[in-house]
Amino acid sequence: MQLNKLEAAVLALCRSIPLSLGRKVRRLAYRMILGRVGRSVQIDLGVDFTCGLGIELGNNVRIERDARLRCFGLGSKICLRDHSTLDRGVDIKTHQTGAIEIGSYSYIGPYTCLSGDYIKIGNNCLIASHSSIYANNHNFADVTIPIRDQGNSYKGIVIEDDCWLGSGVRVLDGVTIGKGSVVGAGAVVTKSIPPYSIAVGVPAKVISRREVPPNEVAELSANYLMN
(Lines give C-alpha, C1' and ligand atoms only; values in the text may rest on other atoms or scores of the structure.)
Protein backbone atom coordinates (compact mmCIF):
# COMPACT_ATOMS: atom_id res chain seq x y z
CA MET A 1 0.00 0.00 0.00
CA GLN A 2 2.85 2.39 0.79
CA LEU A 3 4.36 1.70 -2.63
CA ASN A 4 1.06 2.53 -4.32
CA LYS A 5 0.92 5.82 -2.44
CA LEU A 6 4.50 6.61 -3.47
CA GLU A 7 3.71 5.80 -7.09
CA ALA A 8 0.60 7.98 -7.04
CA ALA A 9 2.48 10.86 -5.42
CA VAL A 10 5.40 10.77 -7.87
CA LEU A 11 3.07 10.61 -10.86
CA ALA A 12 0.90 13.44 -9.53
CA LEU A 13 3.92 15.67 -9.02
CA CYS A 14 5.87 14.88 -12.18
CA ARG A 15 3.63 13.71 -15.03
CA SER A 16 2.48 17.23 -16.03
CA ILE A 17 5.75 19.18 -15.90
CA PRO A 18 6.26 20.52 -19.46
CA LEU A 19 9.16 20.70 -21.90
CA SER A 20 12.69 19.43 -21.39
CA LEU A 21 12.57 20.24 -17.66
CA GLY A 22 9.71 17.77 -17.25
CA ARG A 23 11.56 15.04 -19.12
CA LYS A 24 14.63 15.51 -16.92
CA VAL A 25 12.58 15.46 -13.72
CA ARG A 26 10.68 12.36 -14.77
CA ARG A 27 13.85 10.51 -15.78
CA LEU A 28 15.18 11.01 -12.24
CA ALA A 29 11.99 10.74 -10.18
CA TYR A 30 10.59 7.68 -11.92
CA ARG A 31 13.58 5.62 -10.81
CA MET A 32 11.75 5.47 -7.45
CA ILE A 33 8.67 3.78 -8.90
CA LEU A 34 9.85 1.79 -11.94
CA GLY A 35 11.82 -1.44 -11.99
CA ARG A 36 14.48 0.06 -14.23
CA VAL A 37 15.10 3.36 -16.03
CA GLY A 38 18.03 3.28 -18.43
CA ARG A 39 20.18 6.10 -19.78
CA SER A 40 18.69 8.96 -21.82
CA VAL A 41 15.08 7.82 -21.35
CA GLN A 42 12.48 10.39 -22.47
CA ILE A 43 9.01 10.28 -20.92
CA ASP A 44 6.59 12.96 -22.10
CA LEU A 45 3.58 14.61 -20.47
CA GLY A 46 0.65 12.60 -19.22
CA VAL A 47 2.23 9.13 -19.25
CA ASP A 48 0.69 6.80 -16.65
CA PHE A 49 2.25 3.77 -14.96
CA THR A 50 0.51 1.16 -12.79
CA CYS A 51 2.53 -1.23 -10.58
CA GLY A 52 5.68 0.39 -11.87
CA LEU A 53 8.15 -2.01 -10.24
CA GLY A 54 7.23 -4.48 -12.97
CA ILE A 55 8.15 -2.01 -15.73
CA GLU A 56 11.67 -1.87 -17.18
CA LEU A 57 12.87 0.81 -19.62
CA GLY A 58 16.14 0.29 -21.47
CA ASN A 59 18.56 2.94 -22.71
CA ASN A 60 17.26 5.67 -25.05
CA VAL A 61 13.64 4.56 -24.73
CA ARG A 62 11.09 7.21 -25.69
CA ILE A 63 7.47 7.26 -24.47
CA GLU A 64 5.25 9.94 -26.00
CA ARG A 65 2.48 11.75 -24.16
CA ASP A 66 -0.65 10.06 -22.82
CA ALA A 67 0.70 6.50 -23.11
CA ARG A 68 -0.31 3.99 -20.38
CA LEU A 69 1.71 1.04 -19.10
CA ARG A 70 -0.12 -1.14 -16.59
CA CYS A 71 1.04 -4.32 -14.85
CA PHE A 72 -1.81 -6.33 -13.35
CA GLY A 73 -1.13 -9.60 -11.58
CA LEU A 74 1.60 -10.90 -9.31
CA GLY A 75 4.98 -10.79 -11.02
CA SER A 76 3.75 -9.41 -14.35
CA LYS A 77 6.26 -7.38 -16.37
CA ILE A 78 6.51 -4.88 -19.20
CA CYS A 79 9.95 -4.47 -20.77
CA LEU A 80 10.95 -1.87 -23.37
CA ARG A 81 14.37 -2.67 -24.82
CA ASP A 82 16.99 -0.10 -25.85
CA HIS A 83 15.96 2.57 -28.40
CA SER A 84 12.32 1.45 -28.53
CA THR A 85 9.55 4.05 -28.93
CA LEU A 86 5.92 4.22 -27.84
CA ASP A 87 4.06 6.95 -29.72
CA ARG A 88 1.20 9.00 -28.35
CA GLY A 89 -1.62 7.18 -26.56
CA VAL A 90 -0.17 3.65 -26.72
CA ASP A 91 -1.88 1.42 -24.12
CA ILE A 92 -0.07 -1.67 -22.76
CA LYS A 93 -1.61 -3.94 -20.12
CA THR A 94 -0.46 -7.30 -18.75
CA HIS A 95 -2.74 -9.99 -17.33
CA GLN A 96 -2.09 -12.44 -14.48
CA THR A 97 1.66 -13.17 -14.30
CA GLY A 98 2.16 -12.01 -17.86
CA ALA A 99 5.07 -10.46 -19.72
CA ILE A 100 5.02 -7.98 -22.59
CA GLU A 101 8.34 -7.20 -24.29
CA ILE A 102 9.11 -4.63 -26.99
CA GLY A 103 12.45 -5.25 -28.73
CA SER A 104 15.29 -2.86 -29.45
CA TYR A 105 14.73 -0.16 -32.10
CA SER A 106 11.06 -1.12 -32.40
CA TYR A 107 8.32 1.47 -32.83
CA ILE A 108 4.70 1.24 -31.66
CA GLY A 109 2.44 3.75 -33.41
CA PRO A 110 -0.15 6.11 -31.90
CA TYR A 111 -3.12 4.65 -30.02
CA THR A 112 -2.05 1.05 -30.50
CA CYS A 113 -3.23 -1.36 -27.77
CA LEU A 114 -1.38 -4.41 -26.43
CA SER A 115 -3.02 -6.62 -23.82
CA GLY A 116 -2.62 -10.17 -22.57
CA ASP A 117 -0.53 -12.67 -20.67
CA TYR A 118 2.39 -12.98 -23.13
CA ILE A 119 3.36 -10.74 -26.04
CA LYS A 120 6.86 -10.56 -27.51
CA ILE A 121 7.72 -8.06 -30.23
CA GLY A 122 11.18 -8.47 -31.72
CA ASN A 123 13.84 -5.97 -32.72
CA ASN A 124 13.46 -3.40 -35.51
CA CYS A 125 9.69 -3.81 -35.80
CA LEU A 126 7.32 -1.10 -37.04
CA ILE A 127 3.71 -1.21 -35.85
CA ALA A 128 1.55 1.57 -37.24
CA SER A 129 -1.21 3.55 -35.55
CA HIS A 130 -4.46 2.16 -34.15
CA SER A 131 -3.32 -1.45 -34.26
CA SER A 132 -4.46 -4.03 -31.69
CA ILE A 133 -2.48 -6.96 -30.31
CA TYR A 134 -4.64 -8.99 -27.91
CA ALA A 135 -3.08 -12.13 -26.42
CA ASN A 136 -6.23 -13.32 -24.66
CA ASN A 137 -9.77 -14.49 -25.38
CA HIS A 138 -12.96 -14.59 -23.33
CA ASN A 139 -14.34 -18.03 -22.52
CA PHE A 140 -18.01 -18.33 -23.53
CA ALA A 141 -18.93 -22.04 -23.69
CA ASP A 142 -21.40 -22.01 -20.76
CA VAL A 143 -24.54 -20.12 -21.78
CA THR A 144 -25.84 -20.17 -18.19
CA ILE A 145 -23.00 -17.92 -16.99
CA PRO A 146 -22.36 -14.36 -18.20
CA ILE A 147 -19.34 -14.26 -20.51
CA ARG A 148 -17.65 -11.72 -18.25
CA ASP A 149 -17.66 -14.30 -15.41
CA GLN A 150 -16.18 -17.24 -17.40
CA GLY A 151 -12.59 -16.03 -17.38
CA ASN A 152 -10.04 -15.81 -20.17
CA SER A 153 -7.82 -18.16 -22.14
CA TYR A 154 -4.21 -17.32 -22.99
CA LYS A 155 -1.88 -18.62 -25.72
CA GLY A 156 0.49 -15.73 -26.43
CA ILE A 157 1.59 -13.69 -29.44
CA VAL A 158 5.07 -13.44 -30.98
CA ILE A 159 6.04 -10.90 -33.63
CA GLU A 160 9.56 -11.71 -34.75
CA ASP A 161 12.31 -9.27 -35.78
CA ASP A 162 11.98 -6.75 -38.62
CA CYS A 163 8.22 -6.93 -39.16
CA TRP A 164 6.03 -4.09 -40.41
CA LEU A 165 2.34 -3.99 -39.48
CA GLY A 166 0.26 -1.35 -41.27
CA SER A 167 -2.30 0.92 -39.66
CA GLY A 168 -5.22 -0.77 -37.97
CA VAL A 169 -3.88 -4.33 -38.02
CA ARG A 170 -5.49 -6.73 -35.53
CA VAL A 171 -3.40 -9.63 -34.19
CA LEU A 172 -5.30 -12.34 -32.28
CA ASP A 173 -4.13 -14.71 -29.57
CA GLY A 174 -1.99 -17.72 -30.49
CA VAL A 175 -0.39 -16.08 -33.56
CA THR A 176 3.28 -15.89 -34.55
CA ILE A 177 4.24 -13.44 -37.28
CA GLY A 178 7.52 -14.62 -38.77
CA LYS A 179 10.66 -12.55 -39.18
CA GLY A 180 10.70 -9.93 -41.91
CA SER A 181 6.97 -10.10 -42.63
CA VAL A 182 4.72 -7.27 -43.81
CA VAL A 183 1.02 -7.14 -42.86
CA GLY A 184 -1.19 -4.74 -44.81
CA ALA A 185 -3.32 -2.04 -43.21
CA GLY A 186 -6.57 -3.23 -41.68
CA ALA A 187 -5.69 -6.93 -41.79
CA VAL A 188 -6.93 -9.31 -39.09
CA VAL A 189 -4.27 -11.91 -38.32
CA THR A 190 -5.97 -15.08 -37.03
CA LYS A 191 -3.28 -17.63 -37.99
CA SER A 192 0.51 -17.66 -37.88
CA ILE A 193 2.41 -16.16 -40.82
CA PRO A 194 5.72 -17.63 -42.09
CA PRO A 195 8.86 -15.45 -42.20
CA TYR A 196 9.29 -12.95 -45.04
CA SER A 197 5.62 -13.07 -45.99
CA ILE A 198 3.34 -10.31 -47.25
CA ALA A 199 -0.18 -10.77 -45.87
CA VAL A 200 -3.37 -8.77 -46.33
CA GLY A 201 -7.10 -9.06 -45.76
CA VAL A 202 -9.72 -10.25 -43.28
CA PRO A 203 -8.71 -12.82 -42.26
CA ALA A 204 -5.11 -12.15 -43.29
CA LYS A 205 -3.75 -14.35 -46.09
CA VAL A 206 -0.25 -14.56 -47.51
CA ILE A 207 -0.27 -13.11 -51.05
CA SER A 208 3.47 -13.12 -51.73
CA ARG A 209 6.84 -13.55 -50.13
CA ARG A 210 9.86 -11.33 -49.78
CA GLU A 211 13.26 -12.58 -50.85
CA VAL A 212 14.83 -14.66 -48.09
CA PRO A 213 18.42 -13.70 -47.15
CA PRO A 214 20.83 -16.37 -48.46
CA ASN A 215 22.13 -17.23 -45.01
CA GLU A 216 18.59 -18.10 -43.83
CA VAL A 217 17.30 -20.14 -46.79
CA ALA A 218 18.26 -23.58 -45.45
CA GLU A 219 16.78 -23.01 -42.00
CA LEU A 220 13.54 -21.55 -43.30
CA SER A 221 13.14 -24.29 -45.91
CA ALA A 222 13.33 -26.90 -43.15
CA ASN A 223 10.97 -25.10 -40.80
CA TYR A 224 8.41 -23.40 -43.04
CA LEU A 225 8.75 -23.42 -46.80
CA MET A 226 8.47 -27.18 -47.22
CA ASN A 227 5.23 -27.35 -45.18
Could you go through Val183 and Val200, starting from their C-alpha distance and side-chain angles, then the distance that decides it, and tell me whether this counts as side chain to side chain contact (heavy atoms under 4.5 Å, CB included)? CA-CA 6 Å; Val183 181; Val200 300; over 6 Å; no
What do the steps show when you test Val90 against Ile63 for side chain to side chain contact (heavy atoms under 4.5 Å, CB included), and what is the final call? CA-CA 9 Å; Val90 171; Ile63 304 177; over 6 Å; no
Yes or no on side chain to side chain contact (heavy atoms under 4.5 Å, CB included) for Leu165 and Val189, after CA distance, side-chain angles and deciding distance? CA-CA 10 Å; Leu165 277 59; Val189 185; over 6 Å; no
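The closest donor-acceptor contact from the side chain of Asn136 to the backbone of Tyr154 lies at 3.5 Å or more, if one exists at all. Side-chain atoms of Gln150 come within 3.5 Å of backbone N or O of Ile145 as a donor-acceptor pair. Put simply, the side chain of Asn60 never gets that close to the backbone of Asp82: no donor and acceptor are under 3.5 Å apart. Within the 3.5 Å criterion, the main-chain N or O of Ser106 finds no donor-acceptor partner in the side chain of Ser84. When atom types are taken as modelled, the side chain of Thr94 and the backbone of Ala99 share no donor-acceptor pair closer than 3.5 angstrom. For Arg15 (side chain) and Leu45 (main-chain N/O), no donor-acceptor pair under 3.5 Å exists by modelled atom type. Between the side chain of Asn123 and the main chain of Ser104, a donor-acceptor pair closer than 3.5 Å is present. Checked by atom type and distance alone, the side chain of Ser192 pairs as donor or acceptor with a backbone atom of Thr176 at under 3.5 Å. In this structure a side-chain-to-backbone donor-acceptor pair under 3.5 Å is present from Arg27 to Val41. Within the 3.5 Å criterion, the main-chain N or O of Gly180 finds a donor-acceptor partner in the side chain of Arg210.
A 4.5 Å side-chain heavy-atom check between Val175 and Thr190 finds every atom pair outside the cut-off. Under the 4.5 Å side-chain criterion, counting only non-hydrogen atoms from C-beta, Cys125 is not in contact with Asp162. Looking at Asp161 and Asn124, their side chains never come closer than 4.5 Å, going by heavy atoms from C-beta outward. For the pair Leu6 and Ile33, the minimum side-chain heavy-atom distance is below 4.5 Å. Counting heavy atoms from C-beta on, the side chains of Tyr196 and Arg209 never come closer than 4.5 Å. The shortest side-chain heavy-atom distance between Ile159 and Ile133 falls under the 4.5 Å cut-off. Side-chain contact between Ile121 and Ile108 is present, with heavy atoms from C-beta onward closer than 4.5 Å. The shortest side-chain heavy-atom distance between His130 and Pro110 does not fall under the 4.5 Å cut-off.
Across Thr112, Asp87, Thr85, a single residue satisfies side chain to side chain donor-acceptor pair (under 3.5 Å) together with Tyr107, and that is Asp87. Across Thr50, Asp91, Asp48, a single residue satisfies side chain to side chain donor-acceptor pair (under 3.5 Å) together with Arg70, and that is Asp91. A side chain to side chain donor-acceptor pair (under 3.5 Å) with Asp44 is found for one member of Arg88, Arg62, Arg26 and no other, namely Arg62.
Atom CZ of Arg39 has 12 or fewer heavy atoms from other residues, nucleotides or ligands within 6.0 Å. Open room surrounds OH on Tyr105; 12 or fewer heavy atoms of other groups in view lie less than 6.0 Å from it.
Classification of the Tyr30-Phe49 ring pair by plane angle, with boundaries at 30° and 60°, yields perpendicular.
Of all heavy-atom pairs between Val61 and Leu57, the closest is CG2-C, 4.2 Å. Scanning both residues, Ala199 and Ala204, for their nearest heavy atoms gives CB-CB, 4.4 Å. Listed here is the closest heavy atom pair of Gly178 and Cys163: O-SG, 3.1 Å. Between Ile147 and Asn139, the shortest heavy-atom distance links the atoms CG2-O, 3.6 Å.
One finds the CD1 atom of Ile198 at 6.5 Å from the CD1 atom of Ile207 (value rounded to the nearest 0.5 Å). One distance of note links CZ of Arg65 with OG of Ser16; it measures 9.0 Å at 0.5 Å rounding. In this structure, CZ on Arg23 lies 11.0 Å from CD1 on Ile43, to the nearest 0.5 angstrom.
Under 3.5 Å, the side chains of Asn152 and His138 contain a donor-acceptor pair of N or O atoms.
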